[in-house]
There are 4 protein chains.
Amino acid sequence: MARAVGVRRRPEPAGPDPGARERILTAAGELFAEHGFDATPTSRIAERAEVPKGLIHYYFRRKQDLLAALVERLPEEPVESERVVVRGDVAASLRLLVRELDTRTEASPLLSRLLWREADTHVAVRQALQRRFRVIVEQIRAVIEAALPPDPPGRDVDTAALLLARVVNHRHSVARHGEHDELDREIAFIARALQP
Amino acid sequence: MARAVGVRRRPEPAGPDPGARERILTAAGELFAEHGFDATPTSRIAERAEVPKGLIHYYFRRKQDLLAALVERLPEEPVESERVVVRGDVAASLRLLVRELDTRTEASPLLSRLLWREADTHVAVRQALQRRFRVIVEQIRAVIEAALPPDPPGRDVDTAALLLARVVNHRHSVARHGEHDELDREIAFIARALQP
Amino acid sequence: MARAVGVRRRPEPAGPDPGARERILTAAGELFAEHGFDATPTSRIAERAEVPKGLIHYYFRRKQDLLAALVERLPEEPVESERVVVRGDVAASLRLLVRELDTRTEASPLLSRLLWREADTHVAVRQALQRRFRVIVEQIRAVIEAALPPDPPGRDVDTAALLLARVVNHRHSVARHGEHDELDREIAFIARALQP
Amino acid sequence: MARAVGVRRRPEPAGPDPGARERILTAAGELFAEHGFDATPTSRIAERAEVPKGLIHYYFRRKQDLLAALVERLPEEPVESERVVVRGDVAASLRLLVRELDTRTEASPLLSRLLWREADTHVAVRQALQRRFRVIVEQIRAVIEAALPPDPPGRDVDTAALLLARVVNHRHSVARHGEHDELDREIAFIARALQP
DNA sequence: AATGAATGAGACTTCATTCAT
DNA sequence: AATGAATGAAGTCTCATTCAT
């Protein structure tokens with residue numbers, strides 16, 4: 001029970017700690033999002049993840065690798081169009097799709113903003129985000145076409161998709177989230193333009 | 001906290017250097033834009049501005065103040081609507097307006113992106129940018145209304161303005177500039193929706 | 001706020017250096033005492049302690065903590081009265097006690113003066129020193145009472161103790177040490193006053 | 001009335017400012033006393049004295065010279081013994097003398113402490129203070145002798161004087177002022193010892 | 001005589017990263 | 001496999017001091 005005074009004890013390895021890697025990434029994501037990448041010392045990440053500082057560099061040789069790993073974690077697989085399409089009602093379909101996209105991002109809205117913030121200086125991040133942007137444009141286009149009434153006149157679906165993608169992305173990157181009214185009005189506007 | 005006791009050697013100031021403040025701001029803007037705020041040491045700013053390091057802190061007590069000063073420099077006065085309105089042609093009017101807005105930002109496209117990047121962590125920057133965003137929305141709305149044919153049915157001008165403002169802002173903040181085709185197509189799309 | 005982007009070269013730590021902490025404290029004590037707290041850069045401490053500058057901040061987050069640690073090191077346990085009491089001879093007893101107190105302080109006379117110097121601006125230091133002063137008053141009182149002839153008339157032992165404590169403290173804080181004649185004369189004076 | 005925009009105006013010398021030197025010294029004394037010599041930038045002194053920073057270095061080439069000048073200002077001329085002597089009552093006499101000495105120092109008790117604090121590192125200060133200490137010892141001795149009953153047995157007046165001087169000085173240098181009871185008891189103790 | 005602009009030395013501190021264990 | 005100790009590079013900022021005017 002007592003501990004000999006003066007004897008330096010090795011801190012006893014404490015055994016394997018599964019989930020440590022995961023905790024590190026979570027902590028890093030939160031802190032980066034909150035204070036920025038540069039302003040977050042690895043030591044603070046270690047604290048929040050409750051791991052020794054050394055372990056971070058054991059899993060991620062450099063701090064930058066944390067960012068890369070964070071990007072990997074972003075859900076990449078597209079929303080299955082069928083799940084959100086309301087045949088004949090473009091506005092409703094898009095609303096559903098956007099809710100779905102939001103949900104994925106909302107998992108960590110700050111993280112999304114963070115990544116866009118770092119995109120300019122970190123190539124890997126930028127590329128991943130641009131890829132994701134293109135996927136979203138494509139998805140919107142698909143949903144619009146699936147929801148549109150069968151006889152397709154010459155509407156500019158491509159532009160509508162890009163437009164909405166920008167709106168969505170704008171919210172996820174720099175604008176403040178939350179105002180769903182505005183978003184819905186924008187969707188309605190675009191939908192109306194597609195079916196006269 | 002203190003200075004070592006002893007006699008200082010050669011401060012040797014070289015007399016007033018007008019334009020130094022300006023050079024510092026320019027250098028700071030460029031470097032911040034290129035590498036980010038945190039990753040730019042004041043020493044490098046001094047180098048590029050060709051001033052002694054101390055002068056930077058003489059003009060701007062802390063590094064943050066450089067950011068603030070950079071924001072001040074953004075042109076705030078709105079575009080005079082009359083200059084860009086083409087009566088009866090909403091699309092043309094908006095194209096002109098957007099070109100004008102671009103020009104102002106393009107003065108330092110990187111700077112604009114930088115500021116949006118830092119908005120999350122620097123309150124003053126964020127507020128200034130949000131204010132600017134609102135001004136732009138308002139301007140777009142004004143132009144649309146001035147360009148619209150005289151008999152006004154119940155179109156959603158507000159939403160159209162917000163939509164376009166988002167597109168513009170998206171380009172200035174996170175998207176890559178330059179693809180004017182897409183932008184023009186988006187403008188056309190919105191304009192068409194406004195006059196059936 | 002940040003670190004320039006780029007790869008660091010050669011940290012190359014050299015393994016545990018036991019005694020480093022101690023060497024740092026010793027060096028700090030000496031230098032502070034010699035030139036003052038503010039006028040001693042941590043870099044000079046590092047030099048004298050023969051440790052890299054970083055190590056100082058590894059052990060003591062801020063420079064102030066060095067002062068605090070220095071105070072901790074002061075011997076706190078009181079002199080055992082019995083060791084110095086010469087029954088019936090107050091002057092002799094006090095001389096012995098003062099010699100003992102001196103010895104403890106003389107271990108680092110400059111350090112003592114330093115601490116009193118910094119007491120005004122560093123609360124922790126001030127409190128520690130005030131505590132020590134009170135202990136000394138108490139000790140002196142105890143010794144006087146133990147040494148006093150058995151039939152105790154109404155002498156003002158308290159005041160005598162305070163008086164001597166002040167003399168001792170005066171020597172340790174601002175006066176120059178060393179002149180034992182004067183001290184002995186003062187002790188004799190006080191002792192005489194106590195036994196007419 | 002209007003001022004041409006953009007024209008740089010010399011700030012107009014504002015005419016001679018007698019008392020500026022005095023104000024600088026006062027401000028310096030206060031600030032040094034409050035925060036310490038090293039921790040007080042000349043800029044802050046300038047602020048409080050309401051003079052341009054340059055003026056300080058115009059009057060006092062180096063910061064140290066401010067300390068020296070502060071020492072000069074200390075009242076040096078001794079208290080006239082006759083004013084405080086109560087013939088036949090040593091205690092009363094000493095009480096009066098000490099009150100008088102206090103008054104002089106109390107003019108700026110913090111300043112007194114400051115000077116003792118800096119005495120170790122600034123030779124000029126140290127010498128001035130030591131000189132003053134000797135003057136005080138001498139004064140006390142004179143007062144004792146003047147107050148003592150005419151038939152002088154072999155009392156140790158010198159030691160009594162030194163003792164009291166130490167008490168006084170201890171209060172002025174490191175101890176907290178204010179407790180006059182203790183001081184009076186100490187004076188009484190010493191006085192009693194002088195006249196059995 | 002007075003002053004604001006300017007300067008450079010250097011102080012403290014933070015931190016990513018490495019190595020021995 | 002894991003970790004605490006250790007390092008050194010660099011960053012921000014302060015400030016006494018000087019000079020031109």
Side-chain angles (χ1 to χ4, degrees), chain A residues 10-17 20 38-44 46 51-59 61-64, chain B residues 1-18 20 38-44 46 51-64, chain C residues 1-4 6-18 20 38-44 46 51-59 61-64, chain D residues 10-17 20 38-44 46 51-59 61-64:
Chain A
R10 292 241 115 232
E12 44 196 300
D17 179 352
D38 284 323
T40 304
T42 53
S43 62
R44 195 126 54 208
V51 299
K53 190 156 83 87
L55 194 56
I56 293 183
H57 288 276
Y58 179 67
Y59 282 131
R61 186 158 287 278
R62 349 226 82 130
K63 196 186 173 191
Q64 277 216 11
Chain B
M1 223 161 186
R3 200 96 343 350
V5 178
V7 182
R8 212 47 85 270
R9 269 82 53 129
R10 318 154 285 162
E12 194 168 350
D17 177 353
D38 284 326
T40 304
T42 52
S43 61
R44 195 124 53 209
V51 299
K53 194 154 65 80
L55 194 56
I56 293 182
H57 290 278
Y58 175 69
Y59 281 127
F60 309 94
R61 190 160 284 282
R62 1 218 68 125
K63 196 186 173 190
Q64 274 218 15
Chain C
M1 226 162 183
R3 198 90 357 339
V7 182
R8 212 48 84 268
R9 268 82 53 132
R10 321 151 283 161
E12 194 168 352
D17 178 353
D38 284 326
T40 304
T42 52
S43 60
R44 194 123 53 210
V51 299
K53 193 154 68 79
L55 194 57
I56 293 182
H57 291 278
Y58 176 68
Y59 282 127
R61 189 159 285 281
R62 2 217 67 127
K63 195 185 173 190
Q64 274 218 16
Chain D
R10 294 238 115 233
E12 45 196 300
D17 178 354
D38 285 323
T40 303
T42 53
S43 63
R44 195 125 55 209
V51 299
K53 191 157 83 87
L55 194 57
I56 293 183
H57 286 277
Y58 178 67
Y59 283 130
R61 184 159 288 279
R62 346 227 83 129
K63 196 186 172 190
Q64 278 216 14

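Being a predicted model, the structure only gives us computed values, none of them experimental. To find a chain, count down the sequence lines: A is the first, B the second, and so on, and within it residues start at 1.
- Shown here are the side-chain contact (heavy atoms from CB on, under 4.5 Å) partners of D:Tyr58, two or more places apart in sequence or in another chain: D:Leu55.
- The shortest distance between the side-chain N/O atoms of B:Tyr59 and the OP1/OP2 oxygens of E:dA6 is below 4.0 Å.
- At E:dC12, none of the side-chain N or O atoms of C:Arg62 fall inside 4.0 Å of OP1 or OP2 (strictly under the cut-off).
- Between A:Gly54 and C:Pro52, it is A:Gly54 whose nearest contact on DNA chain F lies nearer the 5' terminus.
- Both C:Thr42 and B:Leu55 lie near DNA chain E, and the one whose nearest nucleotide falls closer to the 5' end is B:Leu55.
- A pairwise comparison of heavy atoms in B:Ala20 and B:Val51 identifies CB-CG1, 4.2 Å as the closest pair.
- At a cut-off of 3.5 angstrom, the base of E:dG10 holds at least one donor-acceptor pair with the side chain of B:Lys53.
- Ranked by how close their nearest DNA chain E nucleotide is to the 5' end, C:His57 and A:Lys63 are led by C:His57.
- Not one side-chain nitrogen or oxygen of C:Tyr58 sits closer than 4.0 Å to the OP1 or OP2 atom of F:dA6.
- In this entry the distance linking CG of B:Asp38 with P of E:dC15 reads 11 Å, nearest Å.
- Stretches of at least 3 consecutive Watson-Crick or G-U wobble pairs, with each checked distance under 3.5 Å, appear in DNA chain E as E:2-21 with F:2-21.
- Legend: residues meeting side-chain contact (heavy atoms from CB on, under 4.5 Å) with C:Thr42, ordered by chain and number and at least two apart, are C:Lys53, C:His57, C:Lys63.
- The interatomic distance linking B:Ile56 (CD1) with F:dC13 (P) rounds to 11 Å, in whole Å.
- Applying the 4.0 Å criterion to OP1 and OP2 of F:dT14, one finds that B:Arg61 has a side-chain N or O inside that range.
- The shortest non-hydrogen separation linking C:Ala46 to C:Pro52 is CB-C, 4.3 Å.
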